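Remember, it's a predicted structure, so these values are computed and weren't measured experimentally. Just so it is clear: chains get the letters A, B, ... in the order the sequence lines come, proteins before strands, and each one is counted from 1.
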There are 2 protein chains.
Amino acid sequence: MAAAAPPPGPTPAATALPDPTPIGHPLFTRIRLATASDVPHIHKLIHQLANFEHLAHHCSATEASLSSTLFTSPPFQSFTVFILELSQTPFPPQLHTHSALFSPITQTITLDLPIDDPEIETFKSNDKDCGFDVVVGGFALFFPNYSTFLGKPGFYVEDLFVRECYRRKGFGKMLLSAVAAQAVKMGYGRVEWTVLDWNVKAIKFYEEMGAKVLQDWRICRLTDEALQAYANPAAI
Amino acid sequence: MAAAAPPPGPTPAATALPDPTPIGHPLFTRIRLATASDVPHIHKLIHQLANFEHLAHHCSATEASLSSTLFTSPPFQSFTVFILELSQTPFPPQLHTHSALFSPITQTITLDLPIDDPEIETFKSNDKDCGFDVVVGGFALFFPNYSTFLGKPGFYVEDLFVRECYRRKGFGKMLLSAVAAQAVKMGYGRVEWTVLDWNVKAIKFYEEMGAKVLQDWRICRLTDEALQAYANPAAI
């Protein structure tokens, strides 16, 4: 029986034997270029964003209006959408990329607890290369802007959105970083977006990412009837 | 001698005889699409704008950087420039237009006094259809942006500039109206731009044009070294 007794000193059992509970839950992430087939998901995400901002009454986007105005130009030349996908199994190797200018970005994160996604059926990914467990978790919509002072383009991020159950896990930073990385790759000078002045959490987050918040500029907007009044400039 | 005497009552001479001094000075204006040949003028106008804003030290645009980044797409699909031209003689009829989507806009205004342009030689227009008295007075640089809530594009005006000797005569409004008219023509939803919060004169001017100034949104900007840090998103 002595042979079965543990040797003197600290027992090695805790490391030598397999742990019955795995340490963390891996979640595989991918950021890829959206295509026209993603419009139904993008439409739902835009309306979730409008609800989140309590601005649903200002949101009139339809699948038809998005389909007729997005994906009409090559990526990065005009309105461009990055889709964030999540999977519990690794993404397959990239057999093809959507654009010579961009290869999908994959990362793996480890969570303490698995995420319970109540909308998993609604947001199953359309990408045919992937299995059925791939789900759309968020998006970024951006397009080129231009700085005359720099004499070069940049990117303006119109929307950055992560679905509620995936928040506070670094996915927003992942999407914004992907836009910034693309700007650097293309030799662009700036990435810009806007934030509400009372959203101190978001401002802190953006400043930690290296952004400056321009305090003294205001956005002017001409829209609705005030814009329609300019239909004939000679009559102004 | 009686026959030469004026008849009783008010003399009609002031209206019946030609007035040796004309009432006002007509100035003929045209807004047209810029082309690559306008880059030297656009470059000078951008630097005048930077000086006006006391931001010359932030202005690194060169003719080469502008030439390589502007006019690479058809007008209105990406970065687009409207040039304001002024002439003391009427513009010739439009023998051709630069784009099926836009015809140059001509207007005539009457000034009390002629404008003395100290830079007339520097800003002579490049348009070969016009005579030598045509001068470039200002520009607007704009490009499409996108509202996900509207599900449609708009225009963002990055720069609106009129040379000093031509200010306070309605030319800024003329340029901005031309952009707004083009937005309406293309079925776009908004025209946006920015203003410094202390520039109360400009804010009043924009509000009189029908614009709303969004008080609670701030611009976030990632640039220089903070942007370069995102060269490799996997390292973030």
Side-chain angles (χ1 to χ4, degrees), chain A residues 46 50 58-62 65-66 69 77-79 105 107 141 143-146 148-153 156 158-159 177-178 180-181 183-184 189-198 206 210-223 226-234 236, chain B residues 46 50 58-62 65-66 69 77-79 105 107 141 143-146 148-153 156 158-159 177-178 180-181 183-184 189-198 206 210-223 226-234 236:
Chain A
I46 289 169
H58 285 300
C59 189
S60 54
T62 63
S65 68
L66 295 169
T69 51
Q77 290 186 18
S78 183
F79 318 129
I105 300 165
Q107 287 187 55
L141 187 145
F143 48 80
N145 64 2
Y146 196 84
T148 41
F149 281 15
L150 299 181
K152 59 169 84 171
Y156 182 86
E158 173 69 17
D159 277 348
S177 300
V184 177
R190 293 173 178 166
V191 175
E192 294 181 314
W193 62 95
T194 56
V195 66
L196 284 159
D197 65 343
W198 49 258
Y206 294 143
K212 284 178 188 165
V213 179
L214 310 187
Q215 293 298 346
D216 48 357
W217 288 94
R218 298 290 175 272
I219 297 162
C220 301
R221 179 178 290 170
L222 197 55
T223 190
L227 176 61
Q228 295 302 319
Y230 289 86
N232 178 7
I236 303 301
Chain B
I46 289 169
H58 285 300
C59 189
S60 54
T62 62
S65 67
L66 296 169
T69 51
Q77 290 186 19
S78 183
F79 318 129
I105 301 165
Q107 287 187 56
L141 187 145
F143 48 81
N145 64 1
Y146 195 85
T148 41
F149 281 15
L150 299 180
K152 59 169 83 171
Y156 183 86
E158 173 69 17
D159 276 348
S177 300
V184 177
R190 292 174 180 166
V191 175
E192 294 180 314
W193 61 95
T194 56
V195 66
L196 284 160
D197 64 344
W198 49 257
Y206 294 143
K212 284 179 189 163
V213 179
L214 310 187
Q215 293 298 346
D216 49 357
W217 288 93
R218 297 292 175 271
I219 297 162
C220 302
R221 178 178 291 171
L222 197 55
T223 190
L227 175 61
Q228 295 303 320
Y230 289 87
N232 179 7
I236 303 301

Residue among A:Thr62, A:Leu66, A:Val184, A:Thr223 with most heavy-atom pairs under 4.5 Å to chain B: A:Val184
Contact winner vs chain A - B:Lys152, B:Gln228, B:Gln77, heavy-atom pairs under 4.5 Å: B:Gln228
Greatest number of heavy atom pairs closer than 4.5 Å to chain A - which of B:Asp159, B:Asn145, B:Leu141: B:Asn145
A:Leu150 side, atom CG; B:His58 side, atom NE2 - distance, nearest 0.5 Å: 10.0 Å
Residue that, paired with B:Cys220, satisfies side chain to side chain contact (heavy atoms under 4.5 Å, CB included) out of A:Leu214, A:Val213, A:Thr194, A:Val191: A:Val213
Side chain / backbone / both / neither for B:Asp216 at chain A, heavy atoms under 4.5 Å: both
[X] side chain near [Y] side chain, heavy-atom distance below 4.5 Å:
{"X": "B:Trp193", "Y": "A:Leu222", "answer": "yes"}
{"X": "B:Phe79", "Y": "A:Pro153", "answer": "yes"}
{"X": "A:Trp217", "Y": "B:Leu196", "answer": "yes"}
{"X": "B:Tyr146", "Y": "A:Ser78", "answer": "no"}

Exam field: side chain B:Ser177 to backbone A:Tyr230, donor-acceptor pair closer than 3.5 Å: no
Polar side-chain atom of B:Thr148 near backbone of A:Ala61 as donor-acceptor pair, under 3.5 Å: no
Closest non-hydrogen atom pair, A:Leu227 against B:Arg190: CD2-N, 3.8 Å
